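Input: a single structure, listed below in structure tokens.
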Protein chains: 2
Amino acid sequence: MASPALRRPYRREGEEKRRDDLIAAAMTLVAEGGPEAATVRAIAARAGVTPGLIRHYFQSKEELTHAAYRQVMDAMTHEAIRACEAEPSDDPVARLAAFVAASFRPPVMTPLLVGVWAGYMHLGRNDPVMHEIHESTYLGYRDRLQALIAALPRPTDPARDRREAIACNALIDGLWLEGGSLPDGFAPGEVMRIALDGVATLLGIRFPAEAYPDHPEGKTD
Amino acid sequence: MASPALRRPYRREGEEKRRDDLIAAAMTLVAEGGPEAATVRAIAARAGVTPGLIRHYFQSKEELTHAAYRQVMDAMTHEAIRACEAEPSDDPVARLAAFVAASFRPPVMTPLLVGVWAGYMHLGRNDPVMHEIHESTYLGYRDRLQALIAALPRPTDPARDRREAIACNALIDGLWLEGGSLPDGFAPGEVMRIALDGVATLLGIRFPAEAYPDHPEGKTD
DNA sequence: AAATTTATTATCCAAACGTATAATTGCAAA
DNA sequence: TTTGCAATTATACGTTTGGATAATAAATTT
């Protein structure tokens, strides 16, 4: 004969906020403990609700997973593109540098994003939706990179541009992965510097000093 | 009143073979369907035994996982080192080329290895044993790469060697990942060629034509 | 203030998981 | 042939998982 067990009080929230909260909770858990840590119960607890609510906003846990993954991946590419287009100069070299540099600072290179990426990476192999999200994000980034490379002031050569885009993209991926998963293994800004130097070397160009992280923006001495 | 249910016939095997079979089954399943597909029951079925046998050879599923991961990762680095030391020439450039090239053909760059790597990648974040395996393998590879770079015929500069080793390692990682997970996205040998060209460019050297995959070994024209 | 809606909680369920243990049987030694 | 060992199978257990459904209460409307 248990006592009447008071029902947990709660607030009604808008659909948007609840969905965002649940997605954020799922991402955080995946980044911290991998996909197996992101159980329905754990996600609900992290979001401050009870498990049943997830099924009220998502048809299944899988749908929540897809939404979370898509949001994370889109945010990454969009941020790099945004930084590139925010570059004041019209110089293709400066725009490329801005694109690369944006990939190596928050909110792109963070333990959370790298963790989610790592945790969900293998899901692209069997889950068609995850595969589509991964591929479109991945190719979207690489295509944008190739377009920036093609815009460099030099004789056009699409085949060379493709090879160089693949190489630069691989270098960026590898460094992003290392820098995000072993943040203590590098000095601040070191990964970004190596990335900029590496991309420049691969392309046979030089980036202006302003593109580098520790450039004394306002100083004049 | 069920029928007496004939007991499944079986053969007794040596401990070594059974352990290897179970490890191979676990790796295959992880590569195909991720860690969540490698259940005790699935591993046993793939290895042609019943689930209980796993606990006869391993104290826990976790122990089997560790053994499988360690075997896969060790095989990778050892194969690259082997190929490097098997290089007939004493030329540091040729040895470096052999080391890089070995990372981009079987048995190093295979869907199975990349799949296992991807599937277990996030486990290094929480499981200390997996972390140790990952880190030691990873640093072992990079240190060997840095040693090969340091041996190049040019003025010594440890700081530069470190930066270049980090960059080359990232390039190799990224390309290995792409080539192994999207094998149809590249022409045969294309990934290896891009890797060799990229490493050479990053280091400011040139690899001999014999280092490349489609080099007509015996031809003289 | 009463009625209505629906966001949220609470409870239950079948399946699958890793593990533990008991029952067999293949095989080698005697 | 018989005996004994241990490799292997068979069965069962407790937990956790994602999902389904019923009960409740916080807002909004009337």
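Every chain is numbered from 1 and lettered A, B, ... according to where its sequence line falls, protein lines coming before strand lines. Not measured: the values here are computed from a predicted model.
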Nearest-Å distance for atom pair CG/P, residues B/Leu29 and C/dA16: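 So the two atoms are 16 Å apart, to the nearest Å.
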
Without decimals, in angstroms, what is the distance between A/Lys61 NZ and C/dA15 C1'?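 Result: 15 Å.
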
To the nearest 0.5 angstrom, please state how far the [atom1] atom of [X] sits from the [atom2] atom of [Y].
| X | Y | atom1 | atom2 | result |
| --- | --- | --- | --- | --- |
| A/Phe104 | A/Met192 | CZ | CE | 8.0 Å |
| B/Ile43 | B/Thr65 | CD1 | OG1 | 6.0 Å |
| B/Ile172 | B/Arg142 | CD1 | CZ | 12.0 Å |

Who pairs with B/Phe99 by ring pair (Phe, Tyr, Trp, His ring centres under 6.0 Å), at least two apart in sequence or on another chain? B/Tyr141

So does B/Glu13 pair up with B/Arg19, basic N to acidic O under 4.0 Å?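 No, this pair does not count.
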
SB check A/Glu79 A/Arg82 (cutoff 4.0 Å):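 Counted as a salt bridge, because a side-chain N and a carboxylate O are separated by less than 4.0 Å.
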
When you check every protein heavy atom under 4.0 Å of nucleotides 24-30 of chain D, what one-letter string (B, S, -) results, 5' to 3'? BBBS---

Within the 3.5 Å criterion, strictly below it, is a donor on A/Tyr69 or A/His134 matched to an acceptor on the partner's side chain?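 Note: A/Tyr69 and A/His134 side chains meet the donor-acceptor criterion.
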
Decide whether A/Asn126 and A/His131 meet the rule of one side-chain donor and one side-chain acceptor closer than 3.5 Å.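 No donor-acceptor contact under 3.5 Å links the two side chains.
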
Specify the residues of [range], ordered by number, for which at least one heavy atom lies under 4.0 angstrom from an atom of DNA chain C.
| range | result |
| --- | --- |
| residues 13-21 of chain B | none |
| residues 117-132 of chain B | none |
| residues 32-58 of chain B | B/Thr39, B/Val40, B/Arg41, B/Arg55 |

Can you find a heavy atom in the side chain of [X] that is under 4.5 Å from one in the side chain of [Y]?
| X | Y | result |
| --- | --- | --- |
| A/Gln71 | A/Met76 | no |
| A/Thr77 | A/Tyr138 | no |
| A/Cys168 | A/Leu203 | yes |

Which residues share a side-chain hydrogen bond (donor to acceptor under 3.5 Å, both in side chains) with B/Arg163, sequence neighbours left out: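 Here no residue qualifies.
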
Taking A/Arg193 for the side chain and A/Pro213 for the main chain, is one N or O donor matched with an acceptor at less than 3.5 Å? no

